Every structure is written in C-alpha cells, then in structure tokens.
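Here is the structure we will look at.
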There are 2 protein chains.
Amino acid sequence: MSEVRVLLVDDHPVVRAGLRAMLTGFEGIAIAAEASDGRAALHELARLTALGEVPDVVLMDLQMGDGMDGVTATAEIRKLQPAPPVLILTTYDTDADILAAVEAGASGYMLKDAPPEQLRQAVLQAAAGGTALAPRAAALLMDRISNPGTSLTPREVQLLELLATGLSNRAIARQVFISEATVKTHLVHIYGKLGVDNRTAAIAAATQRRIIRPPGARG
Amino acid sequence: MSEVRVLLVDDHPVVRAGLRAMLTGFEGIAIAAEASDGRAALHELARLTALGEVPDVVLMDLQMGDGMDGVTATAEIRKLQPAPPVLILTTYDTDADILAAVEAGASGYMLKDAPPEQLRQAVLQAAAGGTALAPRAAALLMDRISNPGTSLTPREVQLLELLATGLSNRAIARQVFISEATVKTHLVHIYGKLGVDNRTAAIAAATQRRIIRPPGARG
DNA sequence: CAGCGGATCAACCGAAAGGTTGACTGCGGC
DNA sequence: GCCGCAGTCAACCTTTCGGTTGATCCGCTG
C-alpha cells in the first residue's frame, strides 16, 4: 500500500504540530520526518535517502528565522538525485515570494490559512508529480507570462536597497560612485514601476512585494 | 479535578490544529473552544459564559486577516464580566505590538516559535492570574519603567507606523485628523529620539529596533 | 547597421520635507 | 498652584526630493 510520505519543514513547533495532526488525520498521508529549517531539512533528506526512504513530498515554509530560508532550501533540494517535489506552505502571498519559490523549483505554493481539505489535495497532487497553486499564486504567474516588462533592473534594486537604509540621494550617489542626477533618474523609474510617488512608499511597496528585505532585517 | 480550559483564537486552521494537539497533550490543559477572529472569539465567550463554562484563559493571535484584530478583541474581552485573562501568542515581537497588547490588558505575550514547554508554562501562569512574558517583551517593559523619557510616545509610534506605509505628511495629517504642522513637529521629535534626520532613515531605525513592524508586514 | 533598453549625466522648476521659533492647551505630579 | 510633558498649531526659511526634458554611451539583437 502506497502512503504519501511527507517531510515537514517549519521553524515553529506549533505549526509543525498542527500539520502533523492535520496530515496524519488524513487517509494515505504520513509524516516521514520533520525539520526546523532548510539546513536541517537537507540533513533529514540525506538521512532518509540513505535509508532508501525518500519522502514523496517536502512541505516547506518560506520564512524561517535563523537557519537556511525556504527558497534556498528548495533550490538545494531540487539539485538532489532523487529530488522529491517541494510544496511551499507559507503565510504570505507576495509576488516575489511566489516567483522566487517557483524559480527555485517548487511544485506548488499554498497558504497557511487554506482549509485542511485544500491542503490535503495539494500534498497529494505534489506527491504525484503535479502542481498545486493558491489562487493568487496562479493569477500572478498567468499575469507574468502575459506582460513581463514590468520588473526592476538589478541596478534599480540595488538603489532601492540603499534607499531603504535611509540614505539621501546624495549619499546613495556617493555610495555607488554615480551622480545625484543619475540617482534621481533611477528613482523616477523605480517609482513608475512600483506605482508610487515617493521614497517611503517605494520602500513599503518593495518590502511588501519582497523585492528588498525589510530595512534592518535580521538574518 | 480542575483542568485549565483554553479558548483558542487564531485565523489559521493549521495553527489552531497545532495548538490543539500541543495543549491537549499536556496534563491539566483542555481546549474549551476555538475561534478564527476577534469577533468570533467574543461570540464563543458569550456562549460559554451563558453555559457557566467561562474559559480560564484566552490564547489569542494578534494578526488576523479579515476579522477583528487581537488588540481590539483583547480590550473587548477585558471589559467583560467575568473577564478571562488573555495570553497573546503571535509571530512578531515589535515594541508597538507588545505595548498595544499590554495596554489592551493582556496577561502575557508569547511568540509562536517558543518551545512547547514554555507555552505550557505560560498558559498555566496566565490561567492562574499571573503573567507570562517572552524575554524581549519583559525587557521592553522593564526599560519603559526605568527610563520613560528616552522612548517614543504612543502618538509618535502611531505616526511612525503611518510614515512607514509611505504616506506623505499631508496624508498622515488627514489620517489622524491633525494639521500638517503638527505632523512635522512630531516627526522632528521622532528624528531626534531615533538619531536620524529624514523619514526613510527613521523607518530603517525604527524597524531595526523593532519599534514598528517592517513596512508591509501582514498577519 | 539600425534600433532598443540600461545606465549615465545636466539643468530646471515646483512641491515636499526638514528645521526653528514660539505659543497654546490639558493632564498628572510635587 | 506651579512645573513638566505630550499634543496641538502657525509662520518662516532652507534643503531635499519629485518630475521633466534632453543628451551621451554601451551592449545586445533583429
């Protein structure tokens, strides 16, 4: 009999307990192991692989306080041989989170506030080699392929990061060895792409979409 | 046999399942009921009270997507007769969150990444009429009573939060029904206390010191 | 090669923000 | 009752920022 075996990866004991209780309550799903961050997940995966017990799906949180984050871990897992499918289960549904996860090779993207039945479906689908996307994630990906020209250039992201640290235009200019005029030009472009009209709104928008890390983010 | 009876309030089914599994696994703790937001919690509380089964403690998340938020719900619960103690269990430990919760009458402030044993202790302590604070929450409150002059006033924190959402001075003024001049006065004070000289730097500093949550962070 | 987009810079102007001074109210403590 | 502090507002000035126009340079691509 073929049970779907899941590797849980989440840094919150409470969430792990919830998933464990919820998933083991379903027919045909079992927990193979648990890990509290990406690095631990890779260790578990190596251990299980050595035993010939590769899990059928990895259920992974994206935000994990101290250890390796979910996107990095997903990319690492996808490099393995064999590489179990990774289903992202997270709290946020921001553009960059979703895109980063998909680019890293995730088989699905679900939100933690999803009803249990949806979660069950997603786990089974991912384990079977399919995909499982939350509505907003699906919508975003559709939108991306229809008009891809909206994203920020690497240079713009770099200036955005400096902006978020609280530097003035002049200070940013000095930092990257360009003129203040150029900084202003870049900012105008950034504001246009983000749909805002000042620097604080740009920081808020860029943080929300996970284009940049929150100012003073730890880790 | 006096079991401690808990009312769970969290908008995530997964988290509720986790807390349910974790707490019922402990001796002397039982789940009285569950609710997915503040309003539902008040309903449950009314229902239980009518049955003469008032819970011994309310375990409440602060960030809840759609319904009444945790701070408002806590304040409402504390107005009841009888008013069960409210233990906050949340993901973030920013000054603004902690102070708001304590001012609303919470008996404790714990983080979701706390180990199960700590959680158990906190629930029991709160139920017994005591308090339970995460280390950072305790440190913050100690700091508040020792040197209250250095820290930001509630009003200043409020403006800081609006600032971080990307609003202009005029927009902030309209939001809180004061003049633009007053906003500027507050900002000057804020800059002085944070040791910065512009709004983006204020956001960065306030985020770093956990006075406010990162711009765009959502529950 | 012509065209496009990214990156660079200048000059300019109006709008917003930063900073200062001063003043008034209301509340709590000594 | 007086003092200090938080909160409110006005007037004024300087600096910074936002937005526009226009330009050069470079690398890639059809």
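All values below come from the heavy atoms of this structure, side chains included, with hydrogens, waters and symmetry mates left out. Convention: sequence-line order gives letters A, B, ...; per-chain numbering from 1. Quick caveat, the model's predicted, so the values are computed rather than measured.
- In this structure, the CG atom of A:Leu159 is 12 Å from the C1' atom of C:dG6, given to the nearest Å.
- With the nearest nucleotide of DNA chain C identified for both B:Asn198 and A:Ala181, A:Ala181 has the one nearer the 5' end.
- Remark: P of C:dT8 and CD1 of A:Ile190 are 11 Å apart, rounded to the nearest angstrom.
- If B:Val176 and A:Tyr191 are placed on DNA chain D by their nearest nucleotide, the residue sitting closer to the 5' end is B:Val176.
- At least one side-chain heavy atom of A:Val86 sits less than 4.5 Å from a side-chain heavy atom of A:Ile88.
- Close to D:dT8, at under 4.0 Å from its OP1 or OP2, lies a side-chain N or O of B:His186.
- A close approach under 4.0 Å does occur between a side-chain nitrogen or oxygen of B:Arg155 and OP1 or OP2 of D:dT8.
- In this structure, the side chain of B:Thr72 does not engage the main chain of B:Met68 through any donor-acceptor pair within 3.5 Å.
- The distance from atom CD1 of A:Ile178 to atom C1' of C:dA7 is 8 Å, rounded to the nearest whole Å.
- The side chain of A:Asp197 approaches D:dG19 more closely than any other nucleotide in the set D:dC9, C:dG6, D:dG19.
- We find that CD1 of A:Ile172 is positioned 8 Å from P of D:dC17, with the value rounded to whole Å.
- Between B:Glu180 and A:Asn169, the residue anchored nearer the 5' end of DNA chain D, judged by the nucleotide with its closest heavy atom, is B:Glu180.
- For B:Lys184, the side-chain atoms get nearest to C:dA17 when compared with the rest of D:dG19, C:dA17, C:dA16.
- Remark: the B:Thr185 side chain and the D:dC9 base include a donor-acceptor N/O pair separated by less than 3.5 Å.
- With hydrogens and angles ignored, no donor-acceptor pair under 3.5 angstrom links the side chain of A:Ser168 to the base of D:dC17.
- Backbone-only contact: A:Ser179 has heavy atoms under 4.0 Å from sugar-phosphate atoms and none from a base.
- A:Arg170 CZ: 12 or fewer foreign heavy atoms inside a 6.0 Å radius.
- Atoms CZ (B:Arg170) and P (C:dG18) sit 14 Å apart, rounded to a whole Å.
- Between B:Val14 and A:Leu119 the shortest side-chain heavy-atom distance falls below 4.5 Å.
- Side-chain proximity of A:Thr182 to the nucleotides C:dG6, C:dT8, D:dC9 is greatest for C:dT8.
- Atom C1' of nucleotide D:dG7 and atom CZ of B:Phe177 are separated by 17 Å, given to the nearest angstrom.
- If you measure from atom CG of A:Leu187 to atom P of D:dG19, you get 10 Å, rounded to the nearest angstrom.
- In this structure, NE2 of A:His189 is placed 9 Å from C1' of C:dG6, rounded to the nearest angstrom.
- Within 6.0 Å of CZ in B:Arg39 there are 12 or fewer heavy atoms belonging to other residues, nucleotides or ligands.
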